[in-house]
Amino acid sequence: MRIAIIGAGNVGRALGNGWAGRGHQVTFGVRDPASPKLATLDRTRCGVASNAEAAKTADAIVLSTPWSAAREAIAACGSLAGKTVLDATNPLLPNLAGLDHPGGRSGGQQVAEWAAGAKVVKVFNTTGFNNMANPAYPGGAAMMLYCGDDAGAKGVARALAEALGFDAIDFGPLANAGYTENLALCWIWLALKGGLGREIAFRLERR
Ligand SMILES: NC(=O)c1ccc[n+]([C@@H]2O[C@H](COP(=O)([O-])OP(=O)(O)OC[C@H]3O[C@@H](n4cnc5c(N)ncnc54)[C@H](OP(=O)(O)O)[C@@H]3O)[C@@H](O)[C@H]2O)c1
């Protein structure tokens, strides 16, 4: 699959390296391809381009910028109508004080408004980037919730989560994105404020 990753930071690199290592064609969409921050990107395995170039030919576009940059990053992709957009962002307020949900709209729903006509799936936002690099735990794979309104796009999200080793779980429509963003806050609090550290993950047990 041709995957564009908009935002080559912690999350983007964990996902991109994982998929590139499993045979997918990964291109990072970046603001400045010559930025020294990108010196550590493995360009033998992943391409680097502008957001628009990366998005143009991609089968799936992952959004992994800071929330404050998300709207601008989406605009720089050009039209995303009909495209599968996997939204990994969390609309965090400063100092992790909560979530930016104006009028009750989740980040995932805001992304869908900004990426007009795109098939948006909320996914890869509920756990740390370290778990995206390796979701294996002694009790089994970490879970990855995905929610969206287009069955085909959700299938892409599921396949890409499973490719990384996650237990991918269908979490219904995009209207549920806010629940996943609150779950992300729970993980962040436990890991960073509650003293448990980043090597923790949520799993779904079944019987
Ligand atoms: N960190 C986690 O464990 C984690 C887990 C789940 C979800 N998330 C969410 O995922 C998102 C990314 O987190 P992160 O930790 O990966 O952040 P990060 O390390 O700060 O990386 C963000 C990347 O986005 C790039 N960027 C900013 N504006 C851009 C634009 N207009 N076009 C293209 N790229 C742009 C930045 O580039 P520059 O260096 O040029 O600014 C940077 O490479 C956030 O919304 C976060 O809440 C994070």
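Both counts, for ligands and for their atoms, begin at 1 and track the order of listing. Hydrogens, waters and symmetry mates are skipped; everything else that's a heavy atom, side chains included, is used.
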Classify the side-chain pair Asn90/Trp67 by whether it contains a donor and acceptor separated by less than 3.5 Å. no
Output for pair (Leu160 CG, Leu86 CG), nearest 0.5 Å, gives 6.5 Å
Is Thr89 close to ligand 1, meaning an N/O of one under 3.5 Å from an N/O of the other? no
Does the pair Arg207/Glu205 count as a salt bridge with the N-to-O cut at 4.0 Å? no
Assess Arg13 for proximity to ligand 1: is some non-hydrogen atom of it under 4.0 Å away? no
Protein non-hydrogen atom found under 4.0 Å from atom 17 (O) of ligand 1: no
One finds that the ligand 1 atoms under 4.0 Å from a non-hydrogen atom of Gly29 are 33 (C), 34 (N)
One should read off an interatomic distance between Glu199 CD and Asn134 CG, to the nearest 0.5 angstrom, of 8.0 Å
Taking only non-hydrogen atoms of Phe124, do any sit less than 4.0 angstrom from ligand 1? yes
Please state which protein non-hydrogen atom is closest to atom 12 (C) of ligand 1 and give its distance, to 0.1 Å? Ser64 O, 3.4 Å
How does Asn51 reach ligand 1, by side chain, by backbone, by both or by neither, if only non-hydrogen atoms under 4.0 Å count? side chain
Is there a side-chain contact between Ser64 and Ile5, using heavy atoms and a 4.5 Å cut-off? yes
Check this for me: Arg105, atom CZ, are more than 12 non-hydrogen atoms of other residues, nucleotides or ligands nearer than 6.0 Å? yes
Could you verify whether a donor N or O on one side chain and an acceptor N or O on the other, from Thr40 and Arg13, lie under 3.5 Å apart? yes
Under 3.5 Å, N or O to N or O, is Val11 touching ligand 1 that way? yes
Quick one: do the Glu181 and His101 side chains pair a donor with an acceptor below 3.5 Å? yes
Can you tell me the protein heavy atom closest to atom 21 (O) of ligand 1 and the distance? Gly9 CA, 3.2 Å
Carefully, step by step, assess Arg43 and Val48 under the rule side-chain contact (heavy atoms from CB on, under 4.5 Å). CA-CA 7 Å; Arg43 297 191 189 213; Val48 175; 3.9 Å; yes
To the nearest 0.1 Å, how far is atom 44 (C) of ligand 1 from its closest protein heavy atom, and which atom is that? Thr65 O, 3.2 Å
Within the structure, does Asn10 bring an N/O atom to less than 3.5 angstrom of an N/O atom in ligand 1? yes
Of Asn90, Leu41, Ile6, the one whose closest heavy atom lies nearest atom 46 (C) of ligand 1 is Asn90
Among all protein heavy atoms in this structure, tell me which lies nearest to atom 37 (O) of ligand 1, with the distance rounded to 0.1 Å. Arg31 NH2, 3.9 Å
Once rounded to the nearest 0.5 Å, what's the spacing between atom CG of Leu164 and atom CZ of Arg22? 5.5 Å
Which ligand 1 atoms does Ala73 reach within 4.0 Å, using its non-hydrogen atoms? 30 (C), 31 (N), 32 (N)
Using a 3.5 Å cut-off on N or O atoms only, is Asn125 in polar contact with ligand 1? no
Other residues, nucleotides, ligands: >12 heavy atoms within 6.0 Å of Phe129 CZ: yes
Quick test of your reading of the model: are Arg206 and Asp167 salt-bridged, counting only N-O distances below 4.0 Å? yes
Considering only heavy atoms of Trp67, which atoms of ligand 1 have at least one such atom less than 4.0 Å away? 45 (O)
Hydrogens and angles aside, do Arg158 and Tyr146 bring a side-chain donor and acceptor to less than 3.5 Å of each other? yes
So if I count the atoms of ligand 1 from 1 in the order they appear, which ones are less than 4.0 Å from some heavy atom of Thr127? 5 (C), 6 (C)
Measure the acute angle between the ring planes of Phe166 and Phe124, then classify it against the limits of 30° and 60° as parallel, tilted or perpendicular. tilted
Looking only at protein heavy atoms, identify the closest one to atom 3 (O) of ligand 1 and say how far it is in Å. Arg198 NH2, 2.8 Å
Contact atoms of ligand 1, heavy-atom distance to Phe129 under 4.0 Å: 1 (N), 2 (C), 3 (O)
May I ask whether Ala88 places a heavy atom under 4.0 Å from ligand 1? yes
Would you mind checking which non-hydrogen protein atom is closest to atom 39 (O) of ligand 1, with the distance to 0.1 Å? Lys37 NZ, 2.9 Å
Taken to the nearest 0.5 Å, the spacing of Ile61 CD1 from Asp87 CG works out to 12.0 Å
Atoms of ligand 1 under 4.0 Å from any heavy atom of Gly128, numbered from 1 in the order shown, are 3 (O)
Considering the heavy atoms of Ala69, write down every atom of ligand 1 situated less than 4.0 Å from one of them. 27 (C), 28 (N)
Contact atoms of ligand 1, heavy-atom distance to Met132 under 4.0 Å: 5 (C), 6 (C)
Nearest to atom 25 (C) of ligand 1, what protein heavy atom do you find, and at what distance? Gly7 CA, 3.8 Å
Heavy atom of the protein closest to atom 20 (O) of ligand 1 (residue, atom name, distance): Pro66 CG, 4.2 Å
